[in-house]
Amino acid sequence: MPELPEVETLRRDLLIHLPGERVAGVEVLRSDSVGYPADPAVFSAQMTGQVFSDRMLRRGKYLLLYFEQGAAMGVHLRMSGRLLWRRAEAPLEPHTRVRIPMASGHELRFEDMRVFGRLWLIPVGVPPERVMGGLARLGPEPFAEMFDGRYLAGRFAGRNQPVKSALLDQQLVAGVGNIYADEALFSSGIHPALPVGGLDAAALERLHRAVVKVLEAGIAQRGATLRNYTDAQGINGNYAGTAWVYGRKGQPCRVCHSLIERIRLAGRSTHFCPTCQCAQQSVQ
DNA sequence: ACTAGGTCCTGGTTGC
DNA sequence: TGCAACCAGGACCTAG
C-alpha cells in the first residue's frame, strides 16, 4: 500500500539503523518474495557477509540499499510489504517472508501478507534496472525540475485517458499511487474522469503543483499507513486520517460539504467531491 | 501506440 | 453465528 511518501519515510528510517550492519545470514521463508537471483539459496549466499552502507536511494516506490562492497539490495513493497527492524529473538510477525539477521543481533525482516512485494540482490557492476525491470520504465521523480505543467501538457497531448489513470502510470511520474492521486486531483479541483487531452495549461499547472504538495505533505507526516517498524507497537502514519477525499465516500467535503463520491477508474476506487472537482470548469 | 482488464496473493470487512 | 462475496494504497501482462 505504500506510495512514494511511505517509501521515502522507510528510507530515512533505515538510514538510522542499517549502515555498518553486517548480514550474518538470510532465511527465505517464501521464495516468491525474492525476485533475483531466482534461487533463494543463491540470494542468501550472495547477501551473507555484505555490510550495509549509508547509500540508500529511492526511485518512485523502489528502494535501493547499497552495500559497502558495491552490491545492493532492491526493495519494492507493493501493496502490503513492510521492512521491520527487530531484535533477532523478537517474536516473528505472521507474514514474515524473508529474515535477514545481522551480526549485531538485530534483524531486518521483510513482511508481506499479499506476497506482491519483492527483494532483489543486485550484484556488483550490474545496473539495477537490469535486475529490477520496472526501474527502467519509471517516469521523472515528482520533485525533479523537469516535472511541471509543460511536461504534463506534452505527455497528455492527443490522449484520452482519464486523468486519474494517467497519474497512476509510473511512466508519467514515479511514485504516485491511489491515495495521493485522489488527493492531488481534489487539491487541483480536477475531476478524476476528465480526459487528459482536454486539460488546459492552467489546470495542468495546478495538477503539477498539487502532486508535489500532497507528496511533500505525506513525507512530512511520515506516510499514510506506514507503521514505525522501530517501534514494537507500530505507529500508523496519519495522512489517511486527514485525507480530503480518500476513503471518505458519503462524508461531507471539508470545503463545500457536498458528499464525497466514489467511482471506479482504472480498476481502482476513486474518490472525489462532485462540486469542488467539477467535470467542466476549473475550481479553486 | 494507447487503453482496459485480468492477474498475482492473502486476509479483513460487509452483507445476507 | 456462518458463510460468501467483495474489497484492498501496485504493477505486469495480454488482448483489443
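Naming: A, B, ... by sequence-line order, numbering from 1 per chain. Just so it is clear, the model here is predicted, and its values are computed rather than measured.
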If you measure from the Lys or Arg side-chain nitrogens to the Asp or Glu carboxylate oxygens, is any gap between [X] and [Y] under 4.0 Å?
{"X": "Glu216(A)", "Y": "Lys213(A)", "answer": "no"}
{"X": "Glu107(A)", "Y": "Arg99(A)", "answer": "yes"}
{"X": "Arg222(A)", "Y": "Asp13(A)", "answer": "yes"}
{"X": "Glu93(A)", "Y": "Arg82(A)", "answer": "no"}

Practice prompt. Decide if atom OH of Tyr36(A) counts as having more than 12 heavy atoms of other residues, nucleotides or ligands within a radius under 6.0 Å.
Written response: no

Protein-nucleotide distance ([X], atom [atom1]; [N], atom [atom2]), rounded to Å:
{"X": "Met132(A)", "N": "dC12(C)", "atom1": "CE", "atom2": "P", "result": "11 Å"}
{"X": "Leu135(A)", "N": "dA11(C)", "atom1": "CG", "atom2": "P", "result": "11 Å"}
{"X": "Gln170(A)", "N": "dC13(C)", "atom1": "CD", "atom2": "P", "result": "15 Å"}
{"X": "Lys249(A)", "N": "dA8(C)", "atom1": "NZ", "atom2": "C1'", "result": "15 Å"}
{"X": "Glu3(A)", "N": "dG10(C)", "atom1": "CD", "atom2": "P", "result": "5 Å"}
{"X": "Tyr62(A)", "N": "dA11(C)", "atom1": "OH", "atom2": "C1'", "result": "7 Å"}
{"X": "Leu167(A)", "N": "dA11(C)", "atom1": "CG", "atom2": "C1'", "result": "16 Å"}
{"X": "Arg137(A)", "N": "dA11(C)", "atom1": "CZ", "atom2": "C1'", "result": "9 Å"}

Discussion item. Students often mix this up, so state it plainly: with edges at 30° and 60°, are the rings of Tyr62(A) and His76(A) parallel, tilted or perpendicular?
Written reply: perpendicular

Item to complete: Anything below 3.5 Å on both distances counts as a pair; with that, list the stems of at least three consecutive Watson-Crick or G-U pairs involving DNA chain B.
Response: B:2-8 with C:10-16, B:10-16 with C:2-8

Fill in: Modelled atom types, side-chain donor and acceptor of Glu21(A) and Ser104(A), under 3.5 Å
yes

Worksheet item: Between His208(A) and Asp148(A), is any side-chain donor less than 3.5 angstrom from a side-chain acceptor?
Response: no

Discussion item. Suppose you measure atom P in dG11(B) against the same atom in dA11(C); what distance do you get, rounded to whole Å?
Written reply: 22 Å

Item to complete: Could you give the distance separating dC9(B) and dC3(C) at their P atoms, to the nearest angstrom?
Response: 25 Å

Between protein and nucleotides 1-6 of chain B, what N or O pairs are separated by less than 3.5 Å?
unit_1	atom_1	unit_2	atom_2	d
dT3(B)	OP1	Asn160(A)	N	3.0
dT3(B)	OP1	Gln161(A)	N	2.9
dT3(B)	OP2	Arg159(A)	NE	3.0
dT3(B)	OP2	Arg159(A)	NH2	2.6

Has [X] got a side-chain N or O lying under 4.0 Å from the OP1 or OP2 atom of [N]?
{"X": "Tyr180(A)", "N": "dG9(C)", "result": "no"}
{"X": "His76(A)", "N": "dA11(C)", "result": "yes"}
{"X": "Arg264(A)", "N": "dC7(C)", "result": "no"}
{"X": "Ser269(A)", "N": "dA8(C)", "result": "yes"}

Discussion item. For Phe67(A), give me all partners under ring-ring contact (aromatic ring centres under 6.0 Å, His included), at least two apart in sequence or on another chain.
Written reply: Phe52(A)

Discussion item. For Glu89(A), give me all partners under salt bridge (Lys or Arg N to Asp or Glu O under 4.0 Å), at least two apart in sequence or on another chain.
Written reply: Arg87(A)

Worksheet entry | Under 4.0 Å protein heavy-atom contact, by nucleotide of nucleotides 7-12 of chain B - B base, S sugar-phosphate only | -BBBS-

Please list every donor-acceptor pair under 3.5 Å in which a side-chain atom of residues 123-139 of chain A meets a protein atom from a residue at least two apart or in another chain.
none

Practice prompt. Classify the nucleic acid contact of Arg262(A) as base, sugar-phosphate or nothing, counting any heavy atom under 4.0 Å across all strands shown.
Written response: sugar-phosphate

Worksheet item: Does Phe116(A) reach the side chain of Leu77(A), with side-chain heavy atoms less than 4.5 Å apart?
Response: no

